[in-house]
Amino acid sequence: MSATLLQAAFASHRSGNLEAAIGYYRDCLAADAGQSAVYDYLGVACTGLPEHGPEAVRAFRRSLLLEPGRGSVLSNLATLYVHASDDPRALLWFRRASKTEPLRADYWARQASCAIRLGQNAEALACLKQACMRAPTDSTHWEHLGTLLRRMTRRAGAERAVRNGLLITPEAGRLWSSLSATLLEIDDVAAAMQYGRMATIAAPTDSEAFGNLAQAFYRSGQIEAAISSGAQAMRFDPQNPTITFNLAIYLLANGDMARGWPLYEARLIPLRRMTRNLPQQRWTPDISGPDIHLLVYAEQGLGDEVMFATCFPELQERLVRGELGSVTIECTDRLRALFERSFPEFRFFDRIRKQEQRLHPADYATIVGERGCTHEVATGSLPKLFRQDQTRFPNTSAILVPDTVKVAYWRRWLSSKGDGPWIGLSWRSRAKRDLEAVYYPGPGNLGPILDIPGAGFVTLQYDEDAEELTRIEAENDVRIMRPDGLDLTNDLDGVVALISVLDAVVSPQNLVLSLAGALGKQGYTMPHLLNWVSLGASRMPFFPSIEVDIRREDEGLDWKPVMERLAKRARSDLGL
């Protein structure tokens, strides 16, 4: 084998001229086909060019035939399958690489990353522990271990892992930042800010350090400081969609929609990677005509779908005026009957990618072809187009039309139970259940509401159980009506009909609150911190019938004060 040829191959490879490098590697192997390492180099070069994928596989396999114990070849072959989005096969080869050379921390780390993508967190956890043991001075392994444990809601373990890493590498700014994020998740905001500041000192140009510090400021209600730190993070990493999105949230929470809405579009960057065959043209309000057939695709959760639907009337007006030829809207199947009744001019279809299939791309080819869609817009982009400032929000958000037959049924049902007024109750969301005391009042803090004299109560809690409700009643000496026969989780048409005949709703910011707000029903909510959807106002502009009172920082985890304030407002509004 010619040393000159190999040097030329390396030079081309380093310069990024992969086609030339591949040619030189082939020439080297033509001269001497017994070089395992050169087959490996050829495979790596081919990996960089998708059209050479089959040759890369052949090269790696040939290298392994010549030298079966080379972990680098096994790892490179696994990486090839990662690039081909074939994680199951990649994981098999990563496992072989780690087994072949168990002292290589980087092999364990790559195996962990692949396992995480496949949802195999137990295997990933074991691999990251191996990586930390094999290379304890590499702070990246400790950081990834802490992040995985946080995702698994094992936050005490995450804190231990990060602190262990800091004992070995106290100069690692990313670990200080990770510690800040971990403590923020358990609502230790003061400590999160302290460690966030230490992260920015240890890594003064690291976007993540400033990003986590911004999150701590936001959680403490220091919005201006959050905006300042978030902007600094974005300066260091302007292409990071998470940092940009978070800055949008701070600006919107401060009521700065002019700057906030454009940055809010950053959420679409990862979403776009999970969509296929949308119409090629994005719609804006200046695009009009009967030949414009708009596809509005869904995003985020159920409550968000309802909130963004408050912008549908603007689309409906354009459709009626002939400025749009048709409007086709994607929605969660549980909302479809309700949306179809409320907006009969639109065409709806069930959400393509279900919540449990978040890693599966949504392919819109069939819908686009059947409906002749020419333009697209994400549901969450409608506020940027129609709600540029507070004056653009309507005085009412009553957009939902309940089923009249079901409304009549629930009105008779309530009348049979007493005169009221009737208050619907919800006390948590399904999200963040492991930190329920931080985010939601929970069943143990309903006392001030349940003490409202003369009021009757109906449960709207879609995941409550009989024992929990019985316990609430016993602790507060009150009767709470159960809407027997109504599936509070899946029959949203029935839930909306029931809410429509109630006098008020008390709920954290969840689907129940969104449905009440979209009916224009009087409601009361208690976010654990300043929430961006309030857009800097004391009420929710998307849902002007909803009053907001925040659990204040000096109240800690004591929900009683905010519940007492809301109970006082409800008594006044209901004349009790």
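Just so we're clear, the structure is a prediction, and the values are computed from it rather than from any experiment. FYI, the numbering just counts along the sequence from 1.
- One side chain, Thr332 or Glu305, offers a donor N or O that lies under 3.5 Å from an acceptor on the other.
- Comment: Arg387 engages Glu314 in a salt bridge, judged by a side-chain N to carboxylate O separation of less than 4.0 angstrom.
- Considering every non-hydrogen atom in both Val82 and Phe94, the closest pair reads CG2-CE1, 3.7 Å.
- Classification of Asp333 and Arg351 as a salt-bridged pair fails, no side-chain N sitting under 4.0 Å from a carboxylate O.
- Ring-plane geometry between Phe236 and Phe210 is classed as tilted, the angle between the planes lying from 30 to 60 degrees on a 0 to 90 degree scale.
- Of the listed residues (Ser397, Ser534, Ser514), just one forms a side-chain contact (heavy atoms from CB on, under 4.5 Å) with Met540, and that residue is Ser534.
- Here the options are Glu330, Arg371, Glu376, the test is side chain to side chain donor-acceptor pair (under 3.5 Å), and the partner is Tyr364; only Glu330 passes.
- The heavy-atom pair separating Leu382 from Cys311 by the smallest distance is CB-CB, 3.7 Å.
- The salt bridge (Lys or Arg N to Asp or Glu O under 4.0 Å) check on Arg163 picks up Glu159, with sequence neighbours excluded.
- Evaluation of the salt bridge (Lys or Arg N to Asp or Glu O under 4.0 Å) rule for Arg318 yields no partner, not counting sequence neighbours.
- Within the structure, the salt bridge (charged side-chain N to carboxylate O under 4.0 Å, His left out) test picks out the following pairs touching residues 210-239 (sequence neighbours left out): Asp187-Arg219.
- Pairs passing the salt bridge (charged side-chain N to carboxylate O under 4.0 Å, His left out) check and including a residue from residues 119-138, sequence neighbours excluded, read Arg95-Glu123.
- Asp86 pairs by the salt bridge (Lys or Arg N to Asp or Glu O under 4.0 Å) definition with Arg89, not counting sequence neighbours.
- Applying the side chain to side chain contact (heavy atoms under 4.5 Å, CB included) test to Arg267 and every residue at least two apart in sequence or in another chain returns Phe245, Tyr264, Glu265, Glu299, Gln300, Ala378, Ser381.
- Not counting sequence neighbours, the partners of Asp206 by the salt bridge (Lys or Arg N to Asp or Glu O under 4.0 Å) test are Arg174.
- Legend: residues meeting side chain to side chain contact (heavy atoms under 4.5 Å, CB included) with Pro270, ordered by chain and number and at least two apart, are Pro241, Arg273.
- Taking the ring-ring contact (aromatic ring centres under 6.0 Å, His included) definition, one finds that Phe542 meets it with Phe393, sequence neighbours left out.
- In this pair, Phe386 and Trp283 present their aromatic rings tilted. The plane angle is within the 30 to 60° band.
- Judged by distance alone, the side chains of Asn212 and Ser177 do bring a donor and an acceptor atom under 3.5 Å apart.
- For the pair Arg104 and Tyr107, the cation-pi criterion (under 6.0 Å, within 45° of the ring axis) is fulfilled.
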Show the numbers, then the answer: is there a side-chain contact (heavy atoms from CB on, under 4.5 Å) between Tyr297 and Thr379?
CA-CA 6 Å; Tyr297 64 96; Thr379 317; 5.7 Å; no
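- Residues passing the side chain to side chain contact (heavy atoms under 4.5 Å, CB included) test with Ala214, sequence neighbours excluded: Ser229, Tyr250.
- Scored by the side chain to side chain contact (heavy atoms under 4.5 Å, CB included) test, Pro170 finds no partners at all (sequence neighbours excluded).
- Partners of His13 according to the ring-ring contact (aromatic ring centres under 6.0 Å, His included) rule, which considers only residues two or more places apart in sequence or in another chain, are Tyr25.
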